[in-house]
Each structure stands twice: as structure tokens, then as C-alpha cells.
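What follows is a set of notes on a single structure, which appears directly below.
Chain letters run A, B, ... following the sequence lines, proteins first, then strands; residues in each count from 1. These numbers come from a predicted model, not from an experiment.
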There are 2 protein chains.
Amino acid sequence: MEAVLTEAVALLDEAGDGALTFRALAARLGTGVGSIYWYVASRDQLLDRATDHVVGQLLADVQEHSDGDDAIDDLRTIALMMFDAIAARPWLGAYFMRNSLLQPNTLRLYDLLGQQVLRLELTPRQSFHAVSAVVGFTVGAAADLGQEPPQEILDGSVGREEYLALFADMWRALDPDEYPYVHQIADEFAHHDDAEQFRAGLDLLLAGLRQQARR
Amino acid sequence: MEAVLTEAVALLDEAGDGALTFRALAARLGTGVGSIYWYVASRDQLLDRATDHVVGQLLADVQEHSDGDDAIDDLRTIALMMFDAIAARPWLGAYFMRNSLLQPNTLRLYDLLGQQVLRLELTPRQSFHAVSAVVGFTVGAAADLGQEPPQEILDGSVGREEYLALFADMWRALDPDEYPYVHQIADEFAHHDDAEQFRAGLDLLLAGLRQQARR
DNA sequence: TCGACTATCGAACAACGTTCTATAGAATAG
DNA sequence: CTATTCTATAGAACGTTGTTCGATAGTCGA
């Protein structure tokens, strides 16, 4: 069982969602496809289990960094660790959502975020909304980032820089009257850093939360 | 071509992602599967086009509601309309992300959001981060919401209320010391409203943005 | 009249998730 | 000790899917 999940994660890490097939997994484990079905009932369940498997590792890391003075700082730290984990494993983002709060480790992680918000002593409703917002933003931003780069970047034929530059050039060529924003932002986009972008958004959200907590 | 997209969207609306197969679509159009491949190169492209098709309708609506006094209010209005559109079409959320800014209508919608942020007269980098945050949060929250309810709720055997109550009961039964947040939030979750939850998170984010804009 | 282009169609292929049956060792009961 | 049930493995087979391919017209201009 443990080996099944480990190898499943390895496949996902190496080539993303599409690479995880029962046949490929069976070949890697040196068994038949039927054997895997003794451990999991379906591919969906396999993905759920694999996701929760790596969330378990993430959870262990996170639990060591949630004991700061400031609740919102801790919230920020945990969210950043979640983002890093998804950035390192792009396939994780897509399944973090549907891997609902039925999986044990995911639920624990969710609760850990909630514990920080509880320290702010908001109303229950406010707490619930705050946690949902942080989770939603983190997973959403990370999943957005995790969309498979369209092949050209995977085989190394063009680097990330040139790929972004391609977009920037397209956008610069647009009519500034029709696309004022995109036109103006092209340069910024060409040299943007995903993690910094995420941090900036998260800080906006947390600033709003801090403001609410002060009241 | 128009008919292909219209019928594709109809299939997606009726039964979600899985229902859109080339054979089902061909049957509906009264043609063969090969014909569809004359219009689109792959299923991915079909989904991209279908997504952008409905984004076009959304865009038309949005363009009429982006002329308010306050830039952040307009930003809020547009984000809410995007959320509603995805809530009405759960399949949309998942493809909003990968439907990157190559599609014409999506790019226009993105720019429209950006135009509101430009009115805040932040630095280019701040503007870029703000727009990314709003888009990331909106799509993330909506996609999270759009995860297929696990069958029981689709056939009407159990309503949404009972489904949520199931979770709430599970959470209430957990050890309050081990899961302090989840335990405490169970009631809130059982009666939560998705749209309100989204609005609350969005307002936190926009509060942070407003604070940044004032400085 | 002859090609080129537009458009349609369905058979065929490969890959996939899933089901089913066969099998054999381990554990347990009588 | 034996019979039976349980645990676990293995792969053939099925149905569905995306995709490719060649055949086949209709349409237009030269």
C-alpha cells in the first residue's frame, strides 16, 4: 500500500497527471493492474490517497512553524508553505480542491489554519470566512500557476524567460486604447516571479483580515 | 462552428465535463465525429473555445457594469459577476485557469479588471499583483465550489442541506482538543452560503487593496 | 474540364479505467 | 489434519474515449 502511493506520487512528479495510469503504475511496481485495485477502488481514490500522502509530509513541516507570536504571521507562514508545496508539485493544485476535507491530513491542515484564525477572536462566521478565503486564495493561485506549460517549455526548447517574453511581445503589440491594462503590464509580466506575486496577493488579503481583527 | 460551440456548452451544462465527448456531440449535431475535427484540433481546444464562448457572454454583461464612481466597487462588481457565472456553470471554473490569456474574450475580461485597478494609480507592479490576486481568488474560490458533488446530491436522493449536515455531524464528533477549529465551525459550515462566503473573502482582499491605494 | 479548396463522414487504432475470473498462499475453524 | 475462508496477486477481456486516416462529395475559379 505504502509502495503504491509512493510510486504513484513519483509518477505524478515526473510527468504530471496524465502519467499516472494503472498500467504504468503496475509496470513500475512489477505487478499487474488488477493488484492495484485491491488497494484502491478507482483512479479517483488513488489520486485522493496520493494527494493526502504528500499533504501528510507538508503537514509535518507545517506543524513546526505554527507557534509564532502573531496569529496572522503564522497564517502567512502556513499559506506560504502550502504554496511552495503546490509549486513544487503542480499536479497537487488541481486535486487539492476536490480532495475535499474527507482526507485525514487535509482536514488536519485545514484545522491548523483555522487555529490561527481562532486566535484573532472574531465571530464564528468571520473565522469561517477568513479561513475559507485564505485556503481559496492559496489553492486557487497555486493551481492557476500549476497549469501545464504547453509543451514548449517542458522539453527545454524554450526557457521560461522566452515563453513569458512571447506573451509580453504579443501584449505590447495590442492597441493601447483597446487593452490599456494588458498593454501597460506587459513588461511587468515578462519578468514576474510567481512566488512574489502570490505573496503580494496574500499580504493584501491578510491586511484586510488584520483590519477586521482590530475592530 | 457556432453550432458546435453552442451544443458543446449545452452538453457541459447538462452533465458536466465528462458528458462532453466527441461522439455525444456528433450525435447531437447529427454529424460524424470526424466533422468536428475540422473545426477544432483536439478536445482541449474544444474546451478552450467553449469556455471562451461563454466568457464572451459574461463579458458583454460585465462591460455594462464597469462605470461606477469607485474603482474598487467596480472591481467588486465584476468579480461578483464572474463568480456568479462560474457558480451557474461549475465546469467553467476548472477551465478558467488553463484557458489562459490566449483566448480573446478572456483577455478582454482580464483587461477590464485591470482597467479598474489602473484607476487606483498604484505602481505597475502593485497593479499587476492586485489584478492577479483578484483573478486568482475569484477563480480559485469558484472552482473550489464547483467540485462535483459526489453523486448523492446530483440525483436528488439527498439535498444540499443534508449533505452539509453530514459533514457537520462528522466534525462535531471529532475531539475538540485535536480539531479545535473544525469542531467549532461545524454549525457555521452546515448553514453557510457559498456566495456570501465568497463575498466575505473578496471584501477582505479589497479592503487590503483599498488600504494600499490610500497610501 | 480540371484541379484545388472546403467540408463531411465513419471505420480503425491505441490507450485508458474497470471488471472478471483464475490462482495460490495464509490463516482459521472444526 | 483437513476444509474453508480470507488475503493478495495477476492478466485477459470489455467498453469508452480521443484521435487519425482515407474516401467522398460539393464548390469555386482558372
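- Between B:Phe189 and B:Trp171, the ring centre distance stays below 6.0 Å.
- In this structure, OG on A:Ser66 lies 9.0 Å from CG on A:Leu59, to the nearest 0.5 angstrom.
- The closest donor-acceptor contact from the side chain of A:Asp74 to the backbone of A:Gln116 lies at 3.5 Å or more, if one exists at all.
- The distance between atom CH2 of A:Trp38 and atom P of D:dG11, rounded to the nearest whole Å, is 18 Å.
- Using a 4.0 Å cut-off, no side-chain N or O of B:Thr31 falls inside it from OP1 or OP2 of C:dT8.
- Protein atom CG of A:Asp17 is 13 Å distant from nucleotide atom C1' of C:dC16, rounded to whole Å.
- By the 4.0 Å N-to-carboxylate-O rule, B:Asp17 lies close enough to B:Arg43 to be salt-bridged with it.
- Rounding to whole angstrom units, CG of residue A:Leu47 and C1' of C:dC16 are separated by 14 Å.
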B/S/- along nucleotides 18-24 of chain C (protein heavy atoms under 4.0 Å) is BB-----
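- When each of A:His192, A:His191, A:Glu196, A:Gln197 is paired with B:Arg125, the side chain to side chain donor-acceptor pair (under 3.5 Å) condition holds for A:Glu196 and for no other.
- End-to-end axis angle of the helix from C:dT1-D:dA30 to C:dG30-D:dC1, using five pairs per end and rounding to 10°, comes to 10°.
- Atom-to-atom distance recorded for B:Gln63:CD and B:Leu109:CG is 9.0 Å, nearest 0.5 angstrom.
- In summary, B:Asp169 and B:Arg172 engage in a salt bridge, as defined by a charged side-chain N under 4.0 Å from a carboxylate O.
- Atom CD in B:Gln45 sits roughly 14 Å away from atom C1' in D:dT19 (whole-Å rounding).
- As judged by a 4.0 angstrom heavy-atom cut-off over every strand, B:Leu29 is placed among residues making no nucleic acid contact.
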